[in-house]
Structure formats: structure tokens, C-alpha cells
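Scope of the values below: all heavy atoms of this structure, side chains included, with no hydrogens, waters or symmetry mates.
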Amino acid sequence: MSMDKTDWIVDMRGIVKRYYVGRPNELQILNGIDFQVARGEMVAIVGESGSGKSTLMNLIGLLDTPTEGQYLFQQTDVGNCTDNKRSELRNRRIGFVFQNFNLLARTTALENVELPLLYAGVGRKERRDRAMALLQMVGMEDRASHKPNEMSGGQQQRVAVARAMANNPELLLADEPTGALDTKSGHMVMDLFHRLHEEQGKTVILVTHNTELARETQREVILRDGNLVAEDGGGAEECR
């Protein structure tokens with residue numbers, strides 16, 4: 001059964017990404033990607049280093065723009081958007097979790113989670129209340145006043161997940177979110193993503209080279225040398 005296009009949160013057609021365009025050292029990273037993700041899906045993009053998966057994630061997350069092709073994010077053609085509009089979509093509708101946490105070093109866990117709310121213009125009391133509720137959600141309320149160097153890697157990543165959820169985004173993008181963690185901490189972080197997906201209906205796109213993690217998702221998309229070469233998992237047919 002094919003899924004109606006209005007159910008797609010990500011709809012990419014013929015996406016090409018080149019760097020140094022028009023120069024002798026022009027480099028093509030993505031070679032005409034067609035990729036759709038349904039609202040409420042949990043999908044893994046799997047690929048080795050150099051496969052183009054981080055480039056694809058940057059395009060999905062509106063951190064970069066394609067050289068060719070069309071990208072509809074929640075039915076909005078982002079190629080027709082101004083930089084300000086893309087920035088607004090990115091800040092309010094997409095949450096990012098990175099391998100190396102990207103927390104501000106001299107800032108407490110609570111203040112790190114508050115940061116997206118500050119940029120969104122949320123008042124101080126509401127900002128603090130929401131940030132504390134998010135820390136409670138990830139089991140880090142007792143570390144609210146701790147700075148990153150006072151927390152383990154797993155604790156920092158749980159704070160990073162709370163920060164990604166600050167503006168209640170529709171889409172969570174996780175780039176190798178367990179890559180810098182030990183096995184136990186990695187499982188705790190993955191459990192958080194599963195809870196957000198199953199209990200809150202969040203769309204989650206996990207970018208990883210770890211096939212074991214990828215198997216925990218509904219659908220795996222394999223990227224090799226800038227090409228989507230295979231799909232696997234129960235959700236794949238439903239989105240075609």
C-alpha cells in the first residue's frame with residue numbers, strides 16, 4: 001500500500017550535492033538521491049565513512065542546500081525558501097543530536113537545554129521550567145547544575161537529547177549518537193530515541209555506520225559512494 005505524500009515529512013527527489021562547483025577539483029558527493037521518510041517513522045541511514053551520509057544528513061537538517069534536485073520538508077519546497085525561512089524551519093522543527101554532544105563547555109546542563117528556547121524568544125521562567133522538565137524526561141535532573149566536564153559521555157548525550165527536544169521538533173536527526181559512548185551508555189541513549197518515537201510519535205532519522213543499531217529501527221537505508229543502494233525493514237514498502 002502506497003503512502004500519501006502528505007504523510008511524508010522528508011521528500012527528496014534527484015538530490016545531487018557537489019562542492020567546488022565549476023572548479024577543476026569539483027567533487028560530487030551525492031548522485032541523485034530519492035529518499036522519503038513518513039511522519040512518525042524511525043529510519044536508519046547506514047554507510048561507511050565517506051559514503052555521503054553526513055552530507056545527506058546536513059541536507060535533511062537544512063544545514064546545507066543541494067546542488068540539484070528538490071527537497072520538500074513537510075510539504076515546503078526548501079529550495080524556494082530564504083535563508084531566514086530555512087533557519088526558522090531548522091530551529092523550530094528539527095532537533096539535532098551529534099556524536100560529540102556539542103554542549104557549551106562553560107554552561108550547565110540546564111542552561112544548555114535552555115539555549116534553543118532562548119533563541120526562540122521564550123521567557124525566562126517558562127524556559128527554565130521546560131528545560132528542567134526535559135532533563136527529568138532523560139533522567140538528568142540531578143545533574144542540572146553540572147557542566148559538561150563534570151558528566152560522563154552518556155550523561156552529556158542525554159543532556160544533548162533533552163536540548164534537541166527543547167522546541168518540541170517534529171523531526172529528530174541523530175548523527176552517530178552512540179559513537180563516542182560505551183555499550184551500556186549507548187543502549188541508554190538508544191532507549192531514549194525509542195521512547196520519543198513510540199511514546200511521543202517523533203520522526204527519528206539515525207545516521208550510523210553501526211548495523212546493529214540500524215536494525216533497531218523500522219527501516220534501513222544503505223548509502224554507498226553517494227548512492228542509495230538498498231533498503232531493508234518493515235517500513236520500506238509502506239513508503240513506496
J.: So which atom in V207 and which in P177 form the shortest heavy-atom distance, rounded to 0.1 Å?
T.: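 In terms of heavy atoms, the two residues are closest at O-CD, 4.2 Å.
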
J.: Indicate the atoms forming the closest heavy-atom contact of F101 with A160, along with that distance.
T.: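 For F101 and A160, the tightest heavy-atom pair comes out as O-CB, 3.9 Å.
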
J.: For a quick check under 3.5 Å, do N31 and Q28 share a side-chain donor-acceptor pair by atom type?
T.: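 Side chains of N31 and Q28: pair found under 3.5 Å.
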
J.: Report whether M137 and L110 are members of the same hydrophobic cluster (ILVMFWY, side-chain heavy atoms less than 4.5 Å apart, transitive linking).
T.: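 Per the 4.5 Å side-chain linkage, M137 and L110 are co-clustered.
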
J.: Has N210 got a side-chain atom pairing as donor or acceptor with E212's backbone, closer than 3.5 angstrom?
T.: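 Judged by distance alone, yes, a pair lies under 3.5 Å.
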
J.: Mark yes when over 12 heavy atoms from residues, nucleotides or ligands other than D225 sit less than 6.0 Å from its CG; otherwise mark no.
T.: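 Incorrect, the count does not exceed 12.
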
J.: If only side-chain N and O atoms count, and only distance matters, is there a donor-acceptor pair under 3.5 Å linking K202 with N168?
T.: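 Result is yes, a qualifying pair exists.
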
J.: Specify whether F98 and F96 have parallel, tilted or perpendicular ring planes, treating 30° as the upper limit for parallel and 60° as the lower limit for perpendicular.
T.: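 It falls in the parallel class, under 30°.
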
J.: Out of the candidates R90, K17, R18, only one should pair with D64 under the salt bridge (charged side-chain N to carboxylate O under 4.0 Å, His left out) rule; please name it.
T.: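 Among the candidates, only K17 passes.
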
J.: With side-chain contact (heavy atoms from CB on, under 4.5 Å) as the criterion, how do L173 and V97 come out once you've worked through the C-alpha distance, each side chain's angles and the decisive distance to 0.1 Å?
T.: CA-CA 6 Å; L173 278 179; V97 180; over 6 Å; no

J.: Please determine, by modelled atom types, if Q36 and D11 share a side-chain donor-acceptor pair under 3.5 angstrom.
T.: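 The answer is yes; a qualifying pair exists.
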
J.: State whether E170 and R39 are salt-bridged, where the test is any N-O pair (Lys NZ or Arg NE/NH1/NH2 against Asp/Glu carboxylate O) under 4.0 Å.
T.: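 Salt bridge flag = no for R39 with E170.
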
J.: Which heavy atom of W8 sits nearest a heavy atom of R13, and at what distance?
T.: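 What the structure gives for the nearest pair is CZ3-NH2, 3.0 Å.
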
J.: Going hydrophobic residue to hydrophobic residue with side-chain gaps under 4.5 angstrom, can you get from L118 over to V113?
T.: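 No, L118 and V113 fall in different hydrophobic clusters.
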
J.: Taking distance alone, no hydrogens or angles, what donor-acceptor pairs closer than 3.5 Å link side-chain atoms of residues 143-155 to residues at least two apart or in another chain?
T.:
unit_1: E150; atom_1: OE1; unit_2: K147; atom_2: N; d: 2.8
unit_1: S152; atom_1: OG; unit_2: Q155; atom_2: N; d: 3.2
unit_1: Q155; atom_1: OE1; unit_2: S152; atom_2: N; d: 2.9

J.: If every non-hydrogen atom of G40 is compared with every non-hydrogen atom of T203, which pair is closest and at what distance?
T.: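 It is N-OG1, 2.7 Å.
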
J.: Show your reasoning for whether side-chain contact (heavy atoms from CB on, under 4.5 Å) applies to M132 and E141.
T.: CA-CA 7 Å; M132 183 57 78; E141 65 272 23; 4.1 Å; yes

J.: With distance as the sole criterion, is a donor-acceptor pair present between the side chains of E48 and S51 under 3.5 Å?
T.: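 Checked: E48/S51 side chains show no N/O donor-acceptor pair below 3.5 Å.
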
J.: If I compare all heavy atoms of G69 with all of I15, which pair ends up nearest, and what's the gap?
T.: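 Shortest heavy-atom contact: C-CD1, 4.0 Å.
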
J.: Can you give each donor-acceptor pair under 3.5 Å made by side-chain atoms of residues 182-189, sequence neighbours left out, with the distance rounded to 0.1 Å?
T.:
unit_1: D182; atom_1: OD1; unit_2: K184; atom_2: N; d: 3.1
unit_1: D182; atom_1: OD1; unit_2: S185; atom_2: N; d: 2.8
unit_1: D182; atom_1: OD1; unit_2: S185; atom_2: OG; d: 3.2
unit_1: D182; atom_1: OD2; unit_2: S185; atom_2: OG; d: 3.3

J.: For the pair D191 and R195, find out whether any cationic side-chain nitrogen is under 4.0 Å from an anionic carboxylate oxygen.
T.: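 No, this pair does not count.
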
J.: Go through V138 and V159 one step at a time and tell me if the side-chain contact (heavy atoms from CB on, under 4.5 Å) criterion holds.
T.: CA-CA 7 Å; V138 300; V159 172; 5.7 Å; no

J.: For a quick test of reading the model, state the closest non-hydrogen atom pair linking H209 to K53 and the distance between them.
T.: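 Answer, listing the atom of H209 first, then K53: N-CE, 4.0 Å.
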
J.: In this structure, would M42 and F35 fall into the same cluster of hydrophobic residues linked by side-chain contacts under 4.5 Å?
T.: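 Each belongs to a different hydrophobic cluster.
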
J.: Using salt bridge (charged side-chain N to carboxylate O under 4.0 Å, His left out) as the criterion, point out the one residue from R127, R163, R130, R124 that pairs with E114.
T.: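 The passing option is R127.
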
J.: With side-chain contact (heavy atoms from CB on, under 4.5 Å) as the test, would you mind laying out the steps for L59 and Y71 before giving the verdict?
T.: CA-CA 9 Å; L59 296 178; Y71 176 22; 5.5 Å; no

